[in-house]
Amino acid sequence: MIRKIESLLDEVKAFVPKGLAEVEEFRIRMLGKKGAITALFDEFKTASAEQKRELGQAMNRLKTAAVEKINDLKARLEELAFASSDASSLALDMTRPAGADRVGARHPISLVRNRILEIFGRIGFVPAEGPEIEDDWHVFTALNFPPEHPARDMQDTFFVEKGPDVLLRTHTSSIQVRVMQTQQPPIRVICPGRVFRNEAISYRAHCIFHQAEGLYIDQNVSFADLKQTILYFAKEMFGEKSEIRMRPSYFPFTEPSTEVDVSCNLCGGKGCAVCKHTGWLEIMGAGMVDPNVLAACGIDSSKYSGFAFGMGVERIAMLKYGVKDLRLYFENDLRFLRQFTPVL
Ligand code: PHE
């Protein structure tokens with residue numbers, strides 16, 4: 001009897017139907033009143049109590065396999081028939097409840113960007129946007145990049161059309177230039193957007209990514225204001241216990257310039273693989289707006305001063321969600337995208 005069960009199980013596994021009708025025939029042959037499996041259950045009643053244990057398990061396995069296979073084949077074939085709207089070939093029950101649609105989810109980059117906007121919005125930073133296709137002046141010249149600065153190099157910047165003057169912005173600082181050109185201080189803006197750099201794509205670099213940059217210009221704005229603003233952001237984004245440290249750096253458009261690190265929220269500063277055992281994670285560049293930039297944009301640098309900061313949204317998302325491969329953010333694989341809930 002056990003051999004009979006096994007040979008039936010093989011038959012179930014091997015069964016490939018040509019259509020729905022064959023599936024139904026198969027069901028009757030296996031599970032119908034006079035079907036092979038039904039007959040086995042009758043035979044089972046006559047087996048000895050010892051045999052029953054082993055046989056019972058095998059038979060249950062066989063029955064489950066047959067039921068699952070038949071249901072699965074039916075569902076798939078019905079779907080196919082429905083897709084080709086060959087409604088005549090199946091008895092469609094229009095009163096059956098419809099499957100629930102899955103509601104979409106926000107992209108993790110949008111979630112983090114929205115959170116950044118919300119944190120800065122609470123202290124008066126208003127969102128500002130600008131064009132992705134820019135000119136040299138807004139991306140480099142107005143921001144105090146010397147003519148021979150390597151960032152203008154063909155290797156970094158994507159140029160559009162023939163002229164060297166139409167390009168894809170390499171950072172969102174160009175938005176700040178546009179804001180300064182059209183508004184007088186006090187200015188307090190946060191500028192999110194997509195930026196483009198001619199980089200080979202790998203798990204840690206991409207030719208498209210997102211930034212969010214802040215700009216604050218008023219009378220008597222000092223480096224202390226910058227420090228407190230960023231400390232506030234770090235605590236809101238990474239937790240109340242977060243600390244920041246600033247390392248001297250260089251950007252053409254800020255003086256002095258700094259690179260900002262936040263204490264690693266995974267190891268609490270003790271050192272782990274994510275912070276490369278330093279206890280610190282780099283999160284943004286910042287500095288006091290260079291007077292040359294203010295002057296280029298029509299703001300009186302003897303009266304006003306300001307600070308600017310800029311961060312990569314992917315970088316923050318990576319730290320918040322522990323995603324190590326940047327490319328995942330651009331593949332739009334639903335299995336990846338469905339995992340994210342808003343960051344708090
Ligand atoms: N624009 C800089 C970059 O893309 C970041 C930055 C913004 C640095 C503002 C300082 C001040 O790297």
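Indexing begins at 1, ligand by ligand and atom by atom, following the structure's order.
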Item to check | Test item: Gln211 side-chain N/O and His171 main-chain N/O as donor-acceptor pair under 3.5 Å | outcome: no
Next on the checklist: Counting the benzene-type ring for Trp, do Phe336 and Tyr329 have ring centres under 6.0 Å apart?
Outcome noted: yes
Checklist entry - Have Ser263 and Glu243 got a donor and an acceptor in their side chains that come within less than 3.5 Å? => result no
Checklist outcome for this item: Nearest non-hydrogen protein atom to atom 2 (C) of ligand 1, with distance, is Phe253 CZ, 3.7 Å
Item to check | ligand 1 contact on Ala286 by region, counting heavy-atom pairs under 4.0 Å | outcome: backbone
Next on the checklist: I'd like to know if Arg197 contacts ligand 1, where contact means a heavy-atom distance under 4.0 Å to any ligand atom.
Outcome noted: yes
Checklist entry - Charged N to carboxylate O below 4.0 Å: is that the case for Lys276 and Glu282? => result no
Item to check | Location of contacts on Gln211 toward ligand 1, heavy atoms closer than 4.0 Å | outcome: side chain
Next on the checklist: I want to know if ligand 1 touches Thr254 in the polar sense, i.e. an N/O pair below 3.5 angstrom.
Outcome noted: no
Checklist entry - Does Thr170 reach ligand 1 with a nitrogen or oxygen that is under 3.5 Å from one of the ligand's nitrogen or oxygen atoms? => result no
Next on the checklist: Once rounded to the nearest 0.5 Å, what's the spacing between atom NE2 of His210 and atom OG of Ser110?
Outcome noted: 7.5 Å
Next on the checklist: With a heavy-atom distance limit of 4.0 Å, tell me whether Phe309 approaches ligand 1 through its side chain, its backbone, both, or neither.
Outcome noted: backbone
Next on the checklist: Can you name the atoms of ligand 1, numbered from 1 with element, that are less than 4.0 Å from a heavy atom of Ser173?
Outcome noted: 1 (N)
Next on the checklist: Are more than 12 heavy atoms, taken from residues, nucleotides or ligands other than Arg53, located less than 6.0 Å from that residue's CZ atom?
Outcome noted: no
Checklist entry - Can you list the ligand 1 atoms lying under 4.0 Å from a non-hydrogen atom of Ala308? => result 9 (C), 11 (C)
